[in-house]
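First comes the structure, then the notes that go with it.
Hydrogens, waters and symmetry mates are skipped; everything else that's a heavy atom, side chains included, is used. Both counts, for ligands and for their atoms, begin at 1 and track the order of listing.
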Amino acid sequence: MQLTADIQNYHFNHILLNAAGVMCQTSTELDAVLASEYTGAVVTKSATPLVRPGNPAPRYYELNNGLGTINSMGLPNEGFDYYMNYVSAKETYKPIFFSIAGLSKQENITMLHQLQDADFDGLIELNLSCPNVPGKPQTGYDFEATEQILTEAFAFFKKPLGVKLPPYFDIVHFDDIAAILNKFPLAFVNTINSIGNGLVIDQTTDTVVIKPKAGFGGIGGTLVKATALANVRALRDRLNTNIKIIGTGGVTTGRDVYDHILCGADLVEVGSQLAIEGITVFERLEKELTEILTKKGYHSLDDVRGQLKIIS
Ligand SMILES: O=C(O)c1[nH]c(=O)[nH]c(=O)c1Cl
């Protein structure tokens with residue numbers, strides 16, 4: 001079964017990888033994702049210039065019905081230099097995505113200059129959608145700011161650059177963000193990040209389940225699948241074909257992976273379910289995906305990608 005994909009001159013022997021933020025903050029976690037036989041790549045925790053402890057705990061919670069997660073981590077990470085050292089020293093044939101999430105346009109531009117000048121050979125994911133830094137809006141919801149930072153970035157940045165987007169919920173917003181993104185030679189778009197600022201209640205204590213922001217946090221897992229598929233499909237339909245799509249959100253079974261590909265995804269990321277199930281999730285998802293493809297008589301993901309049918 002052909003389960004491969006390409007983004008520019010990077011080849012992926014498997015289409016699954018972690019979502020930034022999950023199993024990717026330390027070198028031990030990054031090594032575990034790379035070591036899995038069933039991952040095609042790894043993405044780092046979004047880096048800020050300096051080390052960040054993140055928000056006070058409890059800041060992550062798994063709903064006891066298994067339907068999702070809520071997090072307000074607050075961008076905890078080891079700092080830009082840690083991840084630069086990791087990717088520079090790493091001997092791997094698998095592509096590495098280096099995620100950055102500066103707290104200002106200038107921080108992102110500075111990190112992009114450092115990445116441009118470094119001998120890092122990989123892909124860069126500009127996170128425009130962290131919902132959990134108090135007082136900091138999600139850039140992806142500010143279309144002018146999004147266009148501005150991409151204009152400044154592409155004035156000097158020549159390595160493969162993609163963006164991690166928040167979910168959109170309005171057809172006109174799909175039109176608007178796609179029109180902006182199509183102005184730039186992006187390698188990929190990764191959609192979606194968690195659905196920002198949800199609220200989960202502990203039924204026994206009538207209390208929110210996470211401490212930061214009075215309990216407001218990003219929602220992931222099964223609960224966000226319909227929104228994730230819509231964003232993958234809407235952007236695939238609108239973006240230039242040379243901008244590849246990474247589908248993220250709501251992946252807990254092989255069928256969910258298949259659905260993301262039907263909507264147009266080239267790679268598929270696993271966040272909440274990886275946090276819940278652990279590294280073995282990748283083997284299970286690939287086996288379940290392969291079963292579906294075999295049953296349908298397909299030999300390659302190319303037979304499926306973007307082939308979602310509508311009712312005519
Ligand atoms: O709170 C976080 O660290 C976080 N949490 C998310 O759900 N998405 C992000 O992009 C980030 Cl940066």
Practice task
Report the part of Asn71 in contact with ligand 1, treating N, CA, C, O as backbone and CB onward as side chain, heavy atoms under 4.0 Å; options are side chain, backbone, both, neither.
Solution key: side chain
Practice task
Any atoms of ligand 1 less than 4.0 Å from a non-hydrogen atom of Leu75? List them with their elements.
Solution key: 1 (O), 2 (C), 3 (O), 12 (Cl)
Exercise for the section: Compute whether any side-chain donor of one residue and acceptor of the other, for Thr110 and Asn108, lie under 3.5 angstrom apart. Expected result: no
Practice task
Using a 4.0 Å heavy-atom threshold (strictly under), name the region of Gln138 that reaches ligand 1: side chain, backbone, both or neither.
Solution key: neither
Handout entry: Contact check: Pro131 vs ligand 1, nitrogen or oxygen atoms, below 3.5 angstrom
Key = no
Problem - Non-hydrogen atom of Cys130 closer than 4.0 Å to ligand 1 - result: yes
Problem - Within-cut-off N or O pair, Pro76 and ligand 1, under 3.5 Å - result: no
Problem - Close aromatic pair by centroid cut-off 6.0 Å: Phe98 and Phe80 - result: yes
Practice task
Tell me yes or no: between the side chains of Asp175 and His173, is some donor less than 3.5 Å from an acceptor?
Solution key: no
Practice task
Just let me know how Ser46 lines up against ligand 1, side chain, backbone, both or neither, with a heavy-atom cut-off below 4.0 Å.
Solution key: neither
Practice task
Kindly say whether Gly74 contributes a backbone atom to a donor-acceptor pair with the side chain of Arg52 at under 3.5 angstrom?
Solution key: yes
Exercise for the section: Compute the minimum heavy-atom distance from Lys164 to ligand 1 and say whether it is under 4.0 Å. Expected result: no
Problem - Any Gly21 heavy atom less than 4.0 Å from ligand 1 - result: no
Completion exercise
Note: ligand 1 atoms sitting under 4.0 Å from heavy atoms of Asn132 are 1 (O), 2 (C), 4 (C), 5 (N), 6 (C), 7 (O)
Exercise for the section: Report yes if some heavy atom in the side chain of Ile192 is under 4.5 Å from a heavy atom in the side chain of Val224; otherwise report no. Expected result: yes
Exercise for the section: Measure Val133 to ligand 1 on non-hydrogen atoms and call it side chain, backbone, both or neither using the 4.0 Å cut-off. Expected result: neither
Practice task
Kindly compute the distance separating CD1 (Ile276) from CD (Gln273), expressed to the nearest 0.5 Å.
Solution key: 5.0 Å
Handout entry: Backbone of Gly140 reached by a side-chain donor or acceptor of Tyr168 within 3.5 Å
Key = yes
